Amino acid sequence: MAWFLGLSGWLQALLGTLFTWALTALGASLVFFYKKVGKTAFCFMLSGAAGIMLASSFFSLLLPALEQGGDYSFLVLTGGFILGGLLIIATDLIIKKVSKNENEQNRSCAIMCVAVTVHNVPEGLAVGVAFGALAQGGGVGAVAAIMLAVGIGIQNFPEGMCVAFPLRANGHSRIKSFLIGQLSGAVEIVAGVVGALAVTWVSGMLPFALAFSAGAMVAVVCSELVPESFATDKLKATIGVILGFALMMILDIAFG
């Protein structure tokens, strides 16, 4: 741990996003072994990740942003949060418009592939900003930054499956399905390093960047993880969200 904390912010972000990408690849690799994944396990993975990400958005991003925001923190945080959410909303609308001429099966597959890839950009930024803030002493604790990466990695695991399995069902080879599935998480590596470097070079943008990442993450949870998991099993999804949130909250308060 001491070795890791001694690294510069962008290197910490690089290692953190390599971890999140690895879990994406691990999820996509299941296409080599299974035709489908059990609904219960899938539901718990998605809902648990939703709870972790919601808690991370508050404890790991918004609270440190509030502490660093200064006299106009209410404007900085509100503006950043709204813009982060609008990015995800705009992405969803563009994807649906571009793919409207495809047949239903291909459109659904294309939307999932592109949506997961694009949504991974703000998630990578969130990890990068957290580690950049940690390196700067910007109010983000080591455990909070690491657990943010862990939470995003957990939800990347089923995302890798969400891309790989539909591609396989549409007739693509297992190798091609895996390669495209794991590539959906590779964008987080670039986004994470960019986010860490940005807050390192321009320290004044840290509160806005943290709030922006929080808004994007909450939008991803609401638009992707919650609908998918609750459509499978409402009771189990509720339990998953509560347990995920509680786990992140305990870790952040105890060690953050």
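Quick caveat, the model's predicted, so the values are computed rather than measured. Note that the numbering runs from 1 along the sequence shown for the chain.
Smallest separation of non-hydrogen atoms from Gly16 and Ala149: O-CB, 4.3 Å. Shown here for Ala13 and Gly128, the closest heavy-atom pair between the two residues is CB-CA, 3.8 Å. Residues Ala196 and Gly9 share a closest heavy-atom pair of CB-O, 3.8 Å. Residues Leu66 and Ser73 approach most closely at CD1-OG, 3.7 Å, considering heavy atoms. The minimum heavy-atom distance linking Cys43 with Ala237 is given by the pair SG-N, 3.7 Å. Closest of all the heavy-atom pairs between Leu30 and Phe157 is CD1-CZ, 3.7 Å.
For the salt bridge (charged side-chain N to carboxylate O under 4.0 Å, His left out) test, residues two or more places apart in sequence or in another chain that qualify with Lys236 are Asp233.
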Residue pair Leu11, Phe131: steps toward the side-chain contact (heavy atoms from CB on, under 4.5 Å) verdict
CA-CA 9 Å; Leu11 278 174; Phe131 281 114; over 6 Å; no

As a quick check of understanding, evaluate side-chain contact (heavy atoms from CB on, under 4.5 Å) for Phe230 and Thr238, giving each step before the final call.
CA-CA 8 Å; Phe230 276 73; Thr238 302; 3.3 Å; yes

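At a threshold of 4.5 Å between non-hydrogen side-chain atoms, the residues Phe32 and Ile175 count as touching. Gln12 is listed as a side-chain neighbour of Leu134, based on a closest heavy-atom distance under 4.5 Å. Residues Leu7 and Leu15 meet the side-chain proximity criterion, which asks for heavy atoms closer than 4.5 Å.
Put simply, the side chain of Thr17 gets close to the backbone of Leu14: a donor and an acceptor are under 3.5 Å apart. Without hydrogens or angle criteria, Asn156 side chain to Thr20 main chain gives a donor-acceptor distance under 3.5 Å. Not a single donor-acceptor pair under 3.5 Å links the side chain of Trp10 to the backbone N or O of Gly132.
In this structure, CD on Glu188 lies 10.5 Å from CG on Leu18, to the nearest 0.5 angstrom. Rounding to the nearest 0.5 Å gives a distance of 12.0 Å between CG of Leu75 and CZ of Phe208. Put simply, CG on Leu23 and CD1 on Ile152 are 11.5 Å apart, with the number rounded to the nearest 0.5 Å. Summarising the geometry, atom OG belonging to Ser29 is positioned 11.5 Å from atom CG belonging to Leu179; distances are rounded to the nearest 0.5 Å. Taken to the nearest 0.5 Å, the OG atom of Ser47 stands 10.0 Å off from the CD1 atom of Ile52. Here the CZ atom belonging to Phe19 is positioned 13.0 Å from the CD1 atom belonging to Ile189, to the nearest 0.5 angstrom.
Met249 and Ile242 are members of different hydrophobic clusters when ILVMFWY side chains are connected at heavy-atom separations under 4.5 Å. If you chain together hydrophobic residues whose side chains sit under 4.5 Å apart, Val194 and Met217 never meet in one group. Cluster annotation: Ile239 and Val226 are assigned to distinct hydrophobic clusters (Ile/Leu/Val/Met/Phe/Trp/Tyr, side-chain heavy-atom contacts under 4.5 Å, transitive). The hydrophobic clustering, which links ILVMFWY residues whose side-chain heavy atoms are closer than 4.5 Å, places Val221 and Leu243 apart. Cluster annotation: Trp21 is connected to Ile154 through the hydrophobic network of ILVMFWY side chains, with a link wherever side-chain heavy atoms come within less than 4.5 Å.
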